[in-house]
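Source: prediction; values computed, not measured. Order of the sequence lines fixes the chain letters, A, B, ..., with proteins taken first and strands second; residue numbering starts at 1 for each chain.
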Number of protein chains: 2
Amino acid sequence: MSTRRATISDVAREAGVSPSTASVVFSGKTPTSADVRSRVLAAAQALGYTGPDPRAASLRRGRSGIVGVVFDQHLGTAFLDPVTTHMMDGLADGVSRLGAALLLLRDDGVTVSEPSLHTAPIDAAVLIGCSPRMRESLEIVRGRGIPVVVVEGDAGEGIPRVLLDNVEAQRTAARHVAALGHRDVVLVTLPIDTSRHRGWIADDARIRVDVTADRLAGARDVFPHAPAMAAATSSIDEGAIAGRAIFADPGRRPTAVIAQSDLLAAGVIRAAEEAGLRVPEDVSVTGFDGVVVDGLAPHVLTTLVQPATAKGRAAGEAVAAMLEDAAPSSLDLSCTFREGTTTAAPPST
Amino acid sequence: MSTRRATISDVAREAGVSPSTASVVFSGKTPTSADVRSRVLAAAQALGYTGPDPRAASLRRGRSGIVGVVFDQHLGTAFLDPVTTHMMDGLADGVSRLGAALLLLRDDGVTVSEPSLHTAPIDAAVLIGCSPRMRESLEIVRGRGIPVVVVEGDAGEGIPRVLLDNVEAQRTAARHVAALGHRDVVLVTLPIDTSRHRGWIADDARIRVDVTADRLAGARDVFPHAPAMAAATSSIDEGAIAGRAIFADPGRRPTAVIAQSDLLAAGVIRAAEEAGLRVPEDVSVTGFDGVVVDGLAPHVLTTLVQPATAKGRAAGEAVAAMLEDAAPSSLDLSCTFREGTTTAAPPST
DNA sequence: TTGTAAGCGTTATCAG
DNA sequence: CTGATAACGCTTACAA
């Protein structure tokens, strides 16, 4: 038991080779003779050396093999949404060709302790969403000269992004609702800014989250005057809160609700049922995302299925490309409309 | 635009101080005069220096400020369970005093690319659960001399763990069911091994996942001969699959089902209702975890409420303690029994 | 309070 | 295929 951990030099000495040779045995960057290799490996074993110190290697190489994933909210909250988790899976896949791991970073604005966005040893960063806070994160990361990819947000010139056809897709759903004959429609949106206030959105409100703005624009293309209520986050509970407000007054109930996420839609459906309304007979509801919402059965949500995993994978691949000095390519992904059992013609009055 | 990024030495030179002084200005480890500080900061600004290179700093310090969180399944699957999500939040909290970020590591056994458990620059690791695969991960990490904390699994001597009183808690629920008069009980368990097979568990089956084994033991203390069916994962859908199998034969229906998670219980309830059974009048169901199950209303599950966030925080704090050379303390957390509306006396036959 | 000096453990380069 | 050499960029005793 030596007091200090063995280094590659110790191993080299023990094996009777030079440190560089030992290094090469571990990295495999250069062919080595079987004899040398086995001697080095044996020496390593004998000394309890388990491989190069990643910190030293990353300093020397200038790469840490870590990609930061930046969220602008509590991790718990972010992961509550299945879209996020699928995306993370895709991301893990996408960067795996690069052999990188994912570092969870939360930019809460008031990061007191390290490592934050300022100091984390990351080779690249993926920003999720594009709220105002994210724009700050972007500045920080770019200031450090670290390649960035933005998912679902426009970060401006030269920054590759992975986008969904949110406007287009939401317009499709709205058209479907309109085609069924609905005229009295209410929209339930994702948060409109970092403060995550819920409530009716004023006509002159500034919507600072791109996804929200885009989906809203798509719906308003078809229903220009539909009132819209913002939720505080994408969850069933928030959807239910919005739904209760919407269905509160029996005299002024819409015949359809267009929600900006499946979770919100599920909540709206629950609120409708609480209010004694049947879906879709009395009220139609559409979602967005196409995730499996636990507990929604027997309903099948009419929704836009987004390629969440592909989104993550694309972001991961864009990161990989940037780190390999390849042209960082942006990607536009499309959602697929899926008609479920939650939309129908409005009740004939 | 210099061709190379500025280093702290460049900044020091520009500011007319020594590198060590500049270093100290950034780290704040030693008081510096206002004059020096402002000169250094100005120089940094001028050179576009955004702070010490974390790779170099971590080599020098011997710390990366990163804690690895090791999962043995797809991240998406892991995060589907609210318990995991809450735990991650607690974990983030727990390590924050240390100022560490979390590195997501998936040990899928066939990790071809780096950095894996073998090479990630982590100061410590938290293993979630304790399946056979996890035991391998444990070996790897220990081999590297990295401190480990295991959550919900017994890793043997000297490895701090954060445990739940699974046996005890599940026994409490079983006793409650027994006290209500049930004799004909079926158990629905979490996965019993890495292969995640679903189906009836044979008497001689080896259960290789600690949580599953413990909760099963607790239930069997009260109902030694109750048949048990394993689910493939903890989800409502899996619970429903198990439930359908259990309620398939009208002639052989149990009067109570003890499920090892709330999600499974919710699925069982759904299956029961599909089969025309009322809960709790015709069949009682208990869960485990005490999470909010979306879509279960109006039922309130009879369950064991586990302190998921506390579990994560405790793990984080244990890690922090180990890194500060304090005594790594294990912690046993307790679940609280909560009686809901899903259990009642069996139907009088 | 500031400077000097000595590594931290690797790996890229290039010569043999 | 192997070895010598020179960084990689920073921090921290310790001395002034």
Within this structure, what is the CD1-to-P distance between B:Ile8 and C:dG3, rounded to whole angstrom? 13 Å

Return the nearest nucleotide to the side chain of A:Thr21; candidates are D:dC10, C:dT11, D:dG3. D:dG3

Hey, is A:Asp53 close enough to A:Arg60 for a salt bridge, meaning N to O under 4.0 Å? no

Look at all strands and tell whether A:Phe26 reaches a base, only sugar-phosphate, or nothing, counting heavy atoms closer than 4.0 Å. nothing

Taking for each residue the nucleotide of DNA chain D bearing the nearest heavy atom, is the 5' side occupied by B:Ser23 or by A:Arg61? A:Arg61

Base, sugar-phosphate alone, or nothing: which one does B:Ser58 contact when heavy atoms must sit under 4.0 Å apart? nothing

Please confirm whether the backbone N or O of A:Thr7 pairs with a side-chain atom of A:Asp10, one donor and one acceptor, at under 3.5 Å? yes

Separation of D:dC10 atom C1' from B:Arg5 atom CZ, nearest Å, is 15 Å

Could you please spell out the steps behind the side chain to side chain donor-acceptor pair (under 3.5 Å) verdict for A:Ser195 and A:Asp193? CA-CA 6 Å; A:Ser195 68; A:Asp193 59 24; 2.7 Å; yes

Among C:dT11, D:dC1, C:dT4, which nucleotide has an atom closest to any side-chain atom of B:Ser18? C:dT4

Which nucleotide in the list D:dC10, D:dT11, C:dT4 gets nearest to the side chain of B:Asp53? D:dC10

Nucleotide of C:dT2, D:dC10, C:dG9 approaching B:Val36 most closely (side-chain heavy atoms): C:dT2

From the set C:dT11, D:dG9, D:dT2, return the single nucleotide nearest to any side-chain atom of B:Leu59. D:dG9

Is a side-chain donor-acceptor pair under 3.5 Å present for A:Thr50 with B:Arg144? no

Side-chain donor/acceptor contact of A:Arg60 with base of C:dT10 under 3.5 Å: no

Let me know, please, whether A:Pro19 or B:Asp35 comes out on the 5' side of the other along DNA chain C by nearest nucleotide. B:Asp35

From D:dT12, C:dT2, D:dC10, nucleotide with atom closest to B:Lys29 side chain: D:dT12

Could you tell me whether A:Thr32 contacts a base, only the sugar-phosphate backbone, or nothing, with contacts defined as non-hydrogen atoms closer than 4.0 Å? sugar-phosphate

Looking at A:Arg196, I want to see if its CZ is surrounded by more than 12 non-hydrogen atoms of other residues, nucleotides or ligands under 6.0 Å. yes

Answer with base, sugar-phosphate or nothing: what part of the nucleic acid does B:Val17 contact at a heavy-atom distance below 4.0 Å? sugar-phosphate

What integer distance in Å separates A:Arg55:CZ from D:dG9:P? 18 Å

How many whole angstroms separate atom CZ of B:Arg144 from atom C1' of C:dG9? 14 Å

Does OP1 or OP2 of D:dT11 have a side-chain N or O of B:Ser27 closer than 4.0 Å? no

Please report, rounded to the nearest Å, how far the P atom of C:dG9 is from the CZ atom of B:Arg63. 14 Å

Send over the distance from B:Asp10 CG to D:dG9 P, rounded to a whole Å. 9 Å

Nearest of C:dC8, D:dT11, D:dT12 to any side-chain atom of B:Val24? D:dT12

For D:dT2 and A:Ser33 - does any side-chain N or O of the residue sit under 4.0 Å from the phosphate oxygens OP1/OP2? yes

Side chain of A:Thr7, heavy atoms from C-beta onward: which of C:dT10, C:dT2, D:dT12 has the nearest atom to it? C:dT10

Gap between atom CZ of A:Phe71 and atom CE of A:Met134 - 0.5 Å precision: 8.0 Å

Base D:dA4 to side chain A:Ser20, donor-acceptor N/O within 3.5 Å cut-off: yes

